[in-house]
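First the structure, in the form of structure tokens, and then the observations on it.
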Amino acid sequence: MSYSIPRGTYDILPKDSYRWQALKAKFTELAKAFGYEEITTPIFEVSDLFERSSGESSDVVQKEMYRFTDKKGRSFALRPEGTAPVVRAYVEHNMASSGNNKLWYWGPMFRYDRPQAGRYRQFYQYGLEFIGSDNPYWDAELISFLWLFLSGLGLKHLRLELNSVGCPNCSQDYDNALRAYFQPHLESLCPDCQKRYETKPRRLLDCKVTTCKQIAGSAPSQLDYLDEPCRDHFAAAKSYLDKLSIPYTINPKIVRGLDYYTNTAFEIVYEGIGAQNSLAGGGRYNGLIEQIGGKPTPAIGFAGGIERLLIALENEGISLGESPGTDLYLIPMGEQARDFILPWINRWRMEGITIGFDPDKSSFKSQLKAANNSQARFAAIIGEDELAQESVMLKDMQSGEQSLIKLSELVSTLKTKLNH
RNA sequence: GUGGGUGUAGUUCAAUGGCAGAGCACCGGAUUGUGGUUCCGGGCGUUGUGGGUUCGACUCCCAUCACCCACCCCA
């Protein structure tokens, strides 16, 4: 063995590419219907962008970022997530001047994590960002996009979980309340949770250790600590979701990993694809744009993991994106026939016909076999008889029927047969 | 970063410490221009890599790398 692919990465081979293309086509189609437009940002940015936006203490920044310095000693990072770069572009190009902005992206992200089912070091995300309004209608519309996209693919076992993480003021109150609640139990918590008590008390809520679970069971709920504007926002968002007929469940334990989230937080959970069962997650981030140097601007967005989505689709036996196959496989018999047919090949291709031809296959039999293996719809046999008549023997590979077709009529004949 | 499992042919898998094998796939052939079914034929592969134990290692031990799964965290 000479070289192997870097850990936690994978190749998308041709047979997989058809699924990817089909999936992306569905996504872009729906995004277009919702009035979203594509934005593509570089896959690396100055490290500081992510450190500031995600939060210094977040795991992403602490241990998962691919950092490197360039020749002038500047620190860059492979993007671990898509929102901060989009917001950077929004501010840098003064996109606020064009009013509300609806943006979508699709591309690779990078996190230095131990690979696992549905988790990679280079992984792909699709996402939407809506920038420019705090109206809870947009929360509901964006969430409805995600729901329609996923359920529209045919997925059945989806669950939309909803929460509000409040604003900086009330979330601070909540953290204090949580610490007050857990403080007497500190001794019996697992070591991880004892750390979490200091850094992110909310993380105590979804610990998997049974004793922690029991203690967390009657902890105060985030929702009881929302201040009035946050409570109103959440109530309005929920009522819009009801009006849009999007089913959801309230889960006050939803925690966002990155620091910039405010108010509405949501997640699409899909059981049965391993421990990493979150297909997509997102929320409102009203403070982020100001934080990275723009004018205070409310926004909301989400990101979904493509690998997990593909696993879920496979899990439900949903296939999409077949290989288009070969339209016509050429079988010239002998050198003379081959030279005769050669000038035609690219002409036919320019007409949009997928041509198969392999000069390495010499015998008639092996050429027919190759036609069969490439799942060609038709084969064109050109021997002495056909040569003499400027024709090919067009063979339907499924029925086995064949008929002599003039070269000048081949394209039109094929087009009617293929479009059927 | 921590723990468990697994690495043998393109692939799925066999092989008490004693000659590395099978199915599928692939290639060739079964009278000269008809594939898919059938029949016949075709496999020396650094047993992931590097050490060690042994007369002898795919098999046991150590290290290392990769993959899978879980913790952690998240998409």
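This is a predicted model, so every value here is computed, not measured. Residue numbers begin at 1 in each chain, while the letters A, B, ... track the order of the sequences.
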Any donor-acceptor pair under 3.5 Å linking the side chain of Asp396(A) with the backbone of Ser399(A)? yes
As a test of understanding, state which of Phe145(A), Tyr90(A), Trp138(A) forms a ring pair (Phe, Tyr, Trp, His ring centres under 6.0 Å) with Phe130(A). Trp138(A)
Is a donor on one side and an acceptor on the other found under 3.5 Å between the side chain of Arg111(A) and the backbone of Met65(A)? no
Taking only residues two or more places apart in sequence, or in another chain, which ones meet Asp192(A) in a side-chain contact (heavy atoms from CB on, under 4.5 Å)? Cys190(A), Lys195(A), Arg196(A)
Where along residues 19-31 of chain A does a heavy atom fall under 4.0 Å from RNA chain B? none
Per-nucleotide protein contact string for nucleotides 68-75 of chain B, where B marks a base within reach and S marks sugar-phosphate only (heavy atoms under 4.0 Å, - for neither): -SBBBBBB
What does the list of N/O pairs under 3.5 Å between the protein and nucleotides 5-7 of chain B look like, with a distance for each?
none

What's the gap between rU11(B) and rU46(B) when it is taken at their P atoms, as a whole Å value? 11 Å
Ring centroid separation for Phe44(A) and Phe110(A), is it under 6.0 angstrom? no
When rounded to the nearest Å, what value does the distance between C1' atoms of rA57(B) and rG1(B) take? 35 Å
With a cut-off of 6.0 Å (strictly less than), are more than 12 heavy atoms of other residues, nucleotides or ligands near CD of Glu92(A)? yes
Taking the C1' atom in each of rC58(B) and rA25(B), what is the distance between them to the nearest angstrom? 24 Å
Say you pick atom C1' in rG10(B) and the same atom in rC26(B); how far apart are they, in whole Å? 8 Å
Mind checking Gly8(A) for me? I need base, sugar-phosphate or nothing, with any heavy atom below 4.0 Å counting as a touch. sugar-phosphate
Within the side chain of Gln183(A), is there an N or O that forms a donor-acceptor pair under 3.5 Å with the backbone of Ala180(A)? no
Please answer whether the main-chain N or O of Pro108(A) pairs with a side-chain N or O of Arg79(A) as donor and acceptor at a distance below 3.5 Å. yes
Give me the distance, rounded to whole Å, that separates rU12(B) from rU16(B) when you measure between the C1' atoms they each carry. 25 Å
When pairs are called at under 3.5 Å and a stem needs at least three consecutive Watson-Crick or G-U pairs, the stems of RNA chain B are B:1-7 with B:65-71, B:10-13 with B:21-24, B:26-30 with B:38-42, B:48-52 with B:60-64
Heavy atoms under 4.0 Å is the rule here; annotate nucleotides 30-35 of chain B 5' to 3' with B where the base is hit, S where only the sugar-phosphate is, and - elsewhere. B--BBB
With rounding to whole Å, what would you report as the distance between rG43(B) and rC72(B) at their C1' atoms? 46 Å
Can you confirm whether Met333(A) sits close enough to Ile381(A) that some side-chain heavy atom of one is under 4.5 Å from a side-chain heavy atom of the other? yes
With sequence neighbours left out, which residue pairs that include part of residues 322-339 of chain A fulfil the salt bridge (Lys or Arg N to Asp or Glu O under 4.0 Å) condition? none
Side-chain donor-acceptor pairs of residues 204-224 of chain A under 3.5 Å, sequence neighbours excluded:
| from | atom 1 | to | atom 2 | distance (Å) |
| --- | --- | --- | --- | --- |
| Ser218(A) | OG | Tyr181(A) | OH | 3.1 |
| Ser221(A) | OG | Leu223(A) | N | 3.1 |
| Gln222(A) | OE1 | Arg202(A) | NH1 | 3.0 |

Residues in side-chain contact (heavy atoms from CB on, under 4.5 Å) with Asp11(A), at least two apart? Ile5(A), Leu13(A)
Show the atom names and distances, to 0.1 Å, of all donor-acceptor pairs under 3.5 Å that link a side chain in residues 405-413 of chain A to residues at least two apart or in another chain.
| from | atom 1 | to | atom 2 | distance (Å) |
| --- | --- | --- | --- | --- |
| Lys406(A) | NZ | Gln389(A) | O | 3.1 |
| Ser412(A) | OG | Glu409(A) | O | 3.1 |
| Thr413(A) | OG1 | Glu409(A) | O | 2.6 |

When the C1' atoms of rA66(B) and rU8(B) are considered, how many whole Å apart are they? 15 Å
If I pick the C1' atom on rA63(B) and the same atom on rG45(B), what distance separates them, to the nearest angstrom? 25 Å
Taking distance alone, no hydrogens or angles, what donor-acceptor pairs closer than 3.5 Å link side-chain atoms of residues 273-285 of chain A to residues at least two apart or in another chain?
| from | atom 1 | to | atom 2 | distance (Å) |
| --- | --- | --- | --- | --- |
| Gln276(A) | NE2 | Gln116(A) | OE1 | 3.4 |
| Asn277(A) | ND2 | Glu271(A) | OE1 | 3.4 |
| Ser278(A) | OG | Glu267(A) | OE2 | 3.4 |
| Arg284(A) | NE | Asp139(A) | OD1 | 3.1 |
| Arg284(A) | NE | Asp139(A) | OD2 | 3.2 |
| Arg284(A) | NE | His233(A) | NE2 | 3.4 |
| Arg284(A) | NH1 | Ser133(A) | O | 3.1 |
| Arg284(A) | NH1 | Asp134(A) | OD1 | 3.4 |
| Arg284(A) | NH1 | Asn286(A) | OD1 | 2.9 |
| Arg284(A) | NH2 | Ser133(A) | O | 3.3 |
| Arg284(A) | NH2 | Asp139(A) | OD1 | 2.6 |
| Tyr285(A) | OH | Glu129(A) | OE1 | 2.6 |

Please list, one pair per line, the donor and acceptor atoms closer than 3.5 Å that link side chains of residues 23-31 of chain A to other protein atoms, with sequence neighbours excluded.
| from | atom 1 | to | atom 2 | distance (Å) |
| --- | --- | --- | --- | --- |
| Thr28(A) | OG1 | Lys24(A) | O | 3.1 |
| Thr28(A) | OG1 | Ala25(A) | O | 3.1 |

For Ser366(A), answer base if it contacts any base atom (sugar-phosphate contacts may also be present), sugar-phosphate if it contacts only those atoms, and nothing otherwise; contact means non-hydrogen atoms under 4.0 Å. sugar-phosphate
In terms of heavy-atom contacts, does OH of Tyr124(A) have more than 12 from other residues, nucleotides or ligands at under 6.0 Å? yes
